[in-house]
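Read the structure below first, then the notes.
Along the sequence shown, the residues carry numbers beginning at 1.
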Amino acid sequence: MSNLRKKIAISLEKGMPPIEEYKAKSGADIYGSLVFNDAAQKLYLSKDVYKKLKATALKYEALDPSIADQVAQGMKEWALSHGVSHYTHWFIPLTGLGAEKHDTFLEPTVEGGAIAEFDGKTLIKGEPDASSFPSGGTRATFEARGYTAWDPTSPAFIQEEVNGATLTIPTAFVSYTGEALDFKTPLLRSVEALSVQALRLLRVFGNKTAKHVYTTMGPEQEYFLIDRKYYELRPDLIAGGRTLFGAPPYRGQELEDHYFGAIRERILAFMMDLDRELWRLGIPSKTRHNEVAPAQFEMAPIFEKSSLAADHNMIVMELMRRIALRHGLVCLLHEKPFAAINGNGKHNNWSMSTDENENLLEPGKTPHENAQFLAFLVATISAVDKYAELLRIGIAGPGNDHRLGANEAPPAIISIFLGDQLQDIVDQLEAGKASKSKSGGVMELGVSTLPPLPKDATDRNRTSPFAFTGNKFEFRAVGSTAAIYWPNTILNTIVAESLDQMATELEKGKGDLHGTLATVLQKEIKAHKRVIFNGNGYSQEWHAEAAKRGLPNLKTTVDALHVMPKKEYKELFAKYKVLNEKEYDAREEIIWERYVKILNIEANATVDIARNQILPAALGYQSKLASTIGLTAAVTKGPQKGQHELLENISKGVSELYESVEILDDLIEKANAGSSLHQIAASLKDSVLPAQLKVREIADWLEGYVDDEAWPLPKYREMLFQY
């Protein structure tokens with residue numbers, strides 16, 4: 001360990017005392033206590049206003065503007081009772097991070113005092129500056145005005161800080177001319193689009209009472225925790241969230257002993273604090289456990305309506321970062337913080353439900369007889385096959401490029417896993433008619449004291465990007481840092497079109513619904529069965545088979561973005577009023593810009609760290625080694641073959657590192673001289689990234705030889721196992 005690192009002891013604090021004693025109140029006692037939820041609304045609103053607000057929030061009925069003043073007054077009084085001094089309209093611009101501008105409730109009076117003011121106009125609309133957020137050409141820099149619009153489907157909540165509290169109002173964010181400048185607005189539009197088409201299909205099957213269909217999500221969140229003192233000595237982690245250097249440790253995850261292992265006390269203290277704060281905000285954190293890689297963990301929530309779940313996931317990520325610091329830790333959410341071990345994903349569990357709480361992807365005990373379920377299932381299969389490229393675009397990003405396809409995440413080939421039971425039913429439908437369903441049965445364990453276990457009718461498949469898991473689809477390819485509004489906007493929109501087409505065909509055959517349905521399902525399965533694959537997605541055989549089937553394999557973000565401008569994709573979003581062409585083009589431009597910026601940051605950080613930390617350390621060790629050999633030779637007066645070989649190897653490594661850094665620096669400059677974002681991105685991918693990896697390869701080799709005390713960066717074996 002270097003002299004510098006010796007001075008920085010590993011943090012041993014157990015974290016700040018919890019806001020409330022853990023044993024004093026259960027999770028149920030504090031759940032939602034910082035949310036303007038149903039209980040708070042009943043207390044602070046009149047019955048009539050409460051009823052109208054609830055109809056909007058839960059049933060998606062149009063908001064009655066006349067209630068805004070009363071809602072604002074009740075929300076303010078509730079907030080003041082919690083010691084709140086400020087309010088903010090919280091939104092998710094196209095940076096993919098939460099944004100907020102705080103204003104105080106206080107208004108000065110002529111008497112020299114102040115009173116708390118908050119009215120309906122202020123609640124409904126805010127006016128943040130829109131000029132400095134990415135807009136992809138939607139707005140010129142000098143066009144600064146933007147509006148936030150209150151989203152009553154996502155309840156207001158309170159952010160508690162050390163010195164106060166802020167009322168936080170979830171909102172949409174649009175430009176002066178009405179274009180969506182955020183991730184939430186298109187998601188809400190996509191839910192509306194899907195609802196319209198799903199209701200048409202439900203009416204065909206005789207459901208006349210459902211008034212709305214919404215999508216649900218339960219995003220599992222993976223993350224790493226490392227000691228904060230190590231993080232502060234890693235410029236690469238600070239700059240971009242992943243290590244650009246680091247030799248593999250002699251022990252990684254090969255023993256497979258971290259997954260579901262006993263949770264260390266310090267980590268459990270963090271998890272307990274996280275759970276409590278999430279519960280207070282009404283976020284249904286359900287599961288916590290060790291993940292596969294050392295220092296990796298996972299939090300899984302119960303599913304919620306998709307727009308609320310997306311909001312909650314943004315809060316989860318922010319709280320993970322914030323609470324980790326209290327415990328002397330840093331939370332790493334990047335898709336690939338460490339090479340050679342598993343990275344982070346965000347498994348997006350997606351389904352459709354009615355306002356009558358009917359899960360439309362629930363097979364029931366005899367799914368072959370559940371015609372409605374089969375219609376929604378096949379519609380989803382059709383959508384995923386037809387728009388596999390769009391789904392790949394929805395998860396595109398430089399971080400995910402490092403993760404997809406390794407033995408930790410699905411490949412970039414979008415396919416669907418159905419499992420034995422549904423595969424059998426689909427095969428029957430393709431042949432003409434489904435007449436039976438495979439059952440799971442009971443598993444006898446052979447031990448008299450252990451009860452027989454009900455066996456599921458199908459196994460799970462962790463190599464599939466889009467897997468059916470009982471009563472939902474798990475979109476496993478989503479990256480851990482993703483703002484999940486975007487992939488779910490795409491998913492909702494493509495399924496909306498598929499439901500539209502199926503409803504149209506079935507509406508024509510009302511006289512013989514079952515016969516028409518059998519024909520439609522058979523046709524759709526034959527047309528789209530190529531996307532179904534129940535085997536090992538990691539295998540080379542599957543890649544060859546997928547190519548034969550004609551499935552797209554867009555391995556990188558650059559590959560994915562090249563297909564984004566397709567006319568049919570723009571027409572799809574425009575048809576269902578999710579994104580107009582200008583909004584769609586803006587998102588394409590922003591993804592290109594972000595890709596280029598991130599790769600430039602990482603490449604320049606590689607050059608800087610190699611030049612200013614690793615090369616000096618290696619040269620210093622080379623000098624020390626040469627001096628030692630000279631002194632030894634003077635005393636022993638004999639050849640020191642091993643020592644000379646070591647010195648020669650170190651000297652060669654230093655020279656190669658210097659040369660590779662100079663090459664990388666030159667390639668960065670040449671890449672950024674490109675005439676377009678597309679050209680720059682391609683050059684960064686094709687020339688800069690390989691050169692960057694060459695620098696790392698040499699540096700990591702030197703790490704294995706240079707004196708540990710001289711090495712300037714905390715090593716993998718330190719960061720991953722000392723926390």
Side-chain angles (χ1 to χ4, degrees), residues 25 27-91 100-107 114-127 147-160 164-173 184 188 191-192 211-212 214 277-284 304-312 315 355-357:
K25 291 185 178 180
D29 294 325
I30 63 171
Y31 195 85
S33 59
L34 296 181
V35 183
F36 193 59
N37 55 16
D38 193 71
Q41 290 169 17
K42 284 181 178 178
L43 189 60
Y44 285 91
L45 302 178
S46 68
K47 287 184 179 179
D48 183 55
V49 171
Y50 161 77
K51 184 177 180 181
K52 290 180 178 179
L53 180 60
K54 189 168 184 177
T56 298
L58 298 183
K59 299 181 181 180
Y60 290 86
E61 294 181 9
L63 176 67
D64 182 352
S66 68
I67 71 172
D69 278 332
Q70 293 183 58
V71 173
Q73 178 67 20
M75 196 180 289
K76 180 193 73 175
E77 294 301 323
W78 170 76
L80 292 175
S81 73
H82 285 271
V84 168
S85 61
H86 288 69
Y87 65 90
T88 181
H89 280 190
W90 178 71
F91 57 100
E100 52 194 61
K101 174 174 71 82
H102 295 202
D103 289 293
T104 181
F105 286 122
L106 296 181
E107 293 287 344
I115 58 173
E117 292 283 2
F118 188 62
D119 59 19
K121 181 180 178 181
T122 307
L123 169 63
I124 287 177
K125 189 183 85 170
E127 191 178 335
Y147 298 122
T148 53
W150 172 40
D151 174 17
T153 67
S154 187
F157 59 95
I158 293 172
Q159 296 183 70
E160 283 195 335
T166 303
L167 173 65
T168 305
I169 303 161
T171 63
F173 181 47
K184 171 174 276 194
L188 293 173
V191 173
E192 289 294 327
K211 295 180 179 179
H212 193 82
Y214 54 89
E277 294 210 22
L278 292 177
W279 293 339
R280 284 152 58 87
L281 292 170
I283 299 174
E304 302 175 281
K305 291 181 179 179
S306 55
S307 60
L308 181 59
D311 281 355
H312 279 171
I315 299 169
D355 55 356
E356 299 172 323
N357 296 320

Quick one: pull up CG in L53 and OG1 in T153 and give me the separation to the nearest 0.5 Å. 10.5 Å
Rounded to the nearest 0.5 Å, how far apart are OH of Y50 and CD of Q41? 7.0 Å
Minimum side-chain heavy-atom gap Q159-T88 below 4.5 Å: yes
T122 backbone acceptor or donor facing H89 side chain under 3.5 Å: yes
For residues L281 and H312, report the shortest heavy-atom separation together with the two atoms involved. O-NE2, 4.1 Å
N/O donor-acceptor pair under 3.5 Å between T168 side chain and I158 backbone: no
If you look at every heavy atom in S46 and Q70, which pair is closest and at what distance? OG-OE1, 3.6 Å
Could you check if a side-chain atom of W78 sits within less than 4.5 angstrom of a side-chain atom of L45, using non-hydrogen atoms only? no
Does the side chain of K52 reach to within under 4.5 Å of the side chain of D48, using non-hydrogen atoms? yes
Close side-chain approach of L123 and K76, heavy atoms under 4.5 Å: no
For G126, does its backbone N or O pair with a side-chain atom of T148 as donor and acceptor, under 3.5 Å? yes
Side-chain contact, heavy-atom cut-off 4.5 Å: V49 with V71? yes
Can you see which heavy atom on L80 is nearest to which on V84, and at what distance? CD2-O, 3.4 Å
Side chains of V191 and S306: closer than 4.5 Å at any heavy-atom pair? yes
Minimum-distance pair of heavy atoms, taken over all atoms of A57 and K305: O-NZ, 3.6 Å
Rounded distance (nearest 0.5 Å) linking atom NZ of K101 with atom OH of Y87: 7.0 Å
So NE2 of H102 and NE2 of H86: to nearest 0.5 Å the spacing works out to 8.5 Å
Considering non-hydrogen atoms only, spot the tightest contact between P170 and K184 and give its length. CB-NZ, 3.8 Å
Taking the side chain as every heavy atom from C-beta outward, state whether P155 and N37 have any pair of such atoms under 4.5 Å apart. no
How long is the gap from CH2 on W279 to CD1 on I30, to the nearest 0.5 Å? 7.0 Å
For the residue pair F157 and W90, does the interplanar ring angle fall in the parallel (under 30°), tilted (30 to 60°) or perpendicular (over 60°) class? perpendicular
What residues form a ring-ring contact (aromatic ring centres under 6.0 Å, His included) with H212, not counting sequence neighbours? Y60
Any sub-3.5 Å donor-acceptor pair from D69's side-chain atoms to G120's backbone N or O? yes
Working to the nearest 0.5 angstrom, can you tell me the gap between L34 CG and Y31 OH? 12.5 Å
Heavy-atom pair of closest approach, residues I124 and A68: CD1-CB, 3.4 Å
Is the F105 ring parallel, tilted or perpendicular to the F118 ring (thresholds 30°, 60°)? perpendicular
